[in-house]
Amino acid sequence: MQALADYVELIANLKKAYKGAENSPVVVFGGSYGGMLSAWMRMKYPHIVRGAIAASAPVAQFTGLTPCNKFGEVVTRTFAKEGDECVKTIQKSWAAINEMASTADGRTWLNNEWKLCSPLNSTEDANDLKNYLTDVWTNLAMVDYPYMANFLAPLPAYPVMAVCQAMKFLKDDPKEILHELFKGLNVYFNYTTTAKCFQFKSSMPSSLDDKGWDLQTCTEMVMPFCYDGKNDFFEPKPWNFTAFSQGCSKKWDVKPEQYKMENIYGGRNIKYASNIVFSNGLLDPWSSGGILEDVNESVVSVTIPEGAHHIDLRGAQRADPQSVIAARDLHRAHIRKWIKM
């Protein structure tokens, strides 16, 4: 990939630019996509980098390597630790939204009840709202840190707990379900209490632009996701590569290459790789496509049961659980070994 080749050029130039750096060992770090790049850089350029710390790196979140339903199951499991009521409220919400969005009166009620910035005028608008909610529940599981953070949104410590505590009453009536759901959503989009209305057109902060990632997933980073609504709390949605490919063609005029990453880097078949630490927080849905077991003596896995998305690469906090501290200790031990080689 071009990004890795660019880093090779950067390292070469840095070694020339700084006196005494020519023979300095290089270790690469990264979380999420950066973690994938770190692992792949060690695989492709072992003569350039001594080792890699790959945190929350879903190097196997590709076609045929990880079942498409596993991602949603991890999201649901992260919410389930806060109680069945939370999971069931979200599970019931999809039908409630469909029912309210099916009539003009229902859409008007939802526009007013949820204070939507962009009113629902059609069932297509309702689909946009449901896509937003799918992203929100996913994002909350990703950033379920034990301290306040501002990664994807300004959020309190243990944000999944905060959301679920706000949705503590299990209801059956569609309006009551959605009234309860909105109390939980308010934690995500309005924790700062500065939002004047509920903007559902994007779950990402304005400082982050995910168009580049969207293009990547439509070309060489094809990641299948599906939901059944039984083993997860999402609206049932099968994976359909043909429909996905058509959508990519319409939006970007590109054709997805669903096996490209596996063919280049091996997916889970990386037994000949060396000097990589894969770390995964088990609250993080991206762990479903991660390396969760040691591959060989020098490609090792560390799992963090209480960890969210690349928590071990974030700054140390008093609230860090022991499993995060242990992961960082392991990183240090391997880095010391690599730089002495």
Side-chain angles (χ1 to χ4, degrees), residues 30-36 53-61 66-91 133-168 184-185 187-188 191 203-204 223 225 227 231-234 277-293 301-331:
S32 197
Y33 176 52
M36 301 169 84
I53 304 296
S56 299
V59 294
Q61 194 74 49
T66 298
C68 61
N69 59 304
K70 293 302 180 184
F71 187 91
E73 289 179 7
V74 178
V75 176
T76 306
R77 188 170 65 233
T78 298
F79 277 77
K81 66 184 173 62
E82 305 303 336
D84 288 343
E85 293 82 0
C86 189
V87 169
K88 289 178 180 176
T89 294
I90 295 172
Q91 216 160 26
L133 295 177
T134 297
D135 289 343
V136 165
W137 308 135
T138 297
N139 289 352
L140 281 163
M142 282 177 58
V143 300
D144 196 23
Y145 302 123
Y147 46 77
M148 292 177 62
N150 189 17
F151 178 23
L152 299 180
L155 291 169
Y158 300 104
V160 171
M161 178 190 295
V163 167
C164 287
Q165 285 178 340
M167 302 189 301
K168 56 188 174 183
L185 281 173
V187 174
Y188 184 85
Y191 179 62
S203 62
M204 302 297 287
M223 296 182 170
F225 299 107
Y227 312 102
N231 296 299
D232 58 62
F233 60 22
F234 293 100
V277 176
F278 287 101
S279 60
N280 283 279
L282 300 186
L283 302 179
D284 178 19
W286 291 106
S287 66
S288 65
I291 303 301
L292 302 181
E293 296 181 354
S301 167
V302 55
T303 55
I304 307 169
E306 308 91 346
H309 202 50
H310 51 58
I311 187 173
D312 47 322
L313 295 192
R314 294 176 62 85
Q317 301 281 340
R318 288 184 179 181
D320 283 334
Q322 186 58 42
S323 59
V324 175
I325 297 169
R328 293 184 182 131
D329 288 343
L330 182 71
H331 295 336

Is there a side-chain contact between Ile311 and Asp284, using heavy atoms and a 4.5 Å cut-off? no
For Lys168, does the NZ atom have more than 12 heavy-atom neighbours from other residues, nucleotides or ligands under 6.0 Å away? no
Taking side-chain contact (heavy atoms from CB on, under 4.5 Å) as the definition, give me every residue that meets it alongside Arg328, ordered by chain and number, with sequence neighbours left out. Asp312, Ala316, Asp320, Val324, Arg332
Any side-chain heavy-atom pair of Leu155 and Leu140 under 4.5 Å: yes
Please name all residues satisfying ring pair (Phe, Tyr, Trp, His ring centres under 6.0 Å) with Phe278, sequence neighbours left out, ordered by chain then number. none
Rounded to the nearest 0.5 Å, what separates atom SG in Cys68 from atom CD in Gln61? 10.0 Å
Could you check whether Lys70 pairs with Glu73 (Lys NZ or Arg NE/NH1/NH2 to Asp/Glu carboxylate O, under 4.0 Å)? yes
Within a strict 4.5 Å, meaning less than it, do heavy atoms of the Leu152 and Tyr188 side chains meet? yes
Contact check, side chains of Phe71 and Asp232, non-hydrogen atoms, under 4.5 Å: no
My understanding is that only one of Asp144, Val160, Ile304 makes a side chain to side chain contact (heavy atoms under 4.5 Å, CB included) with Leu283; could you say which? Asp144
When you compare the side chain of Phe151 with that of Arg314, does any pair of heavy atoms fall below 4.5 Å? yes
Just wondering, do Thr76 and Val87 contact through their side chains at under 4.5 Å, heavy atoms? yes
So, for Gly35 and Ala54, which heavy atoms are closest and what is the spacing to 0.1 Å? O-CB, 3.3 Å
For Tyr158, the ring pair (Phe, Tyr, Trp, His ring centres under 6.0 Å) test, sequence neighbours excluded, returns none
Do Thr89 and Phe233 make a side-chain contact, defined as non-hydrogen atoms from C-beta onward lying under 4.5 Å apart? no
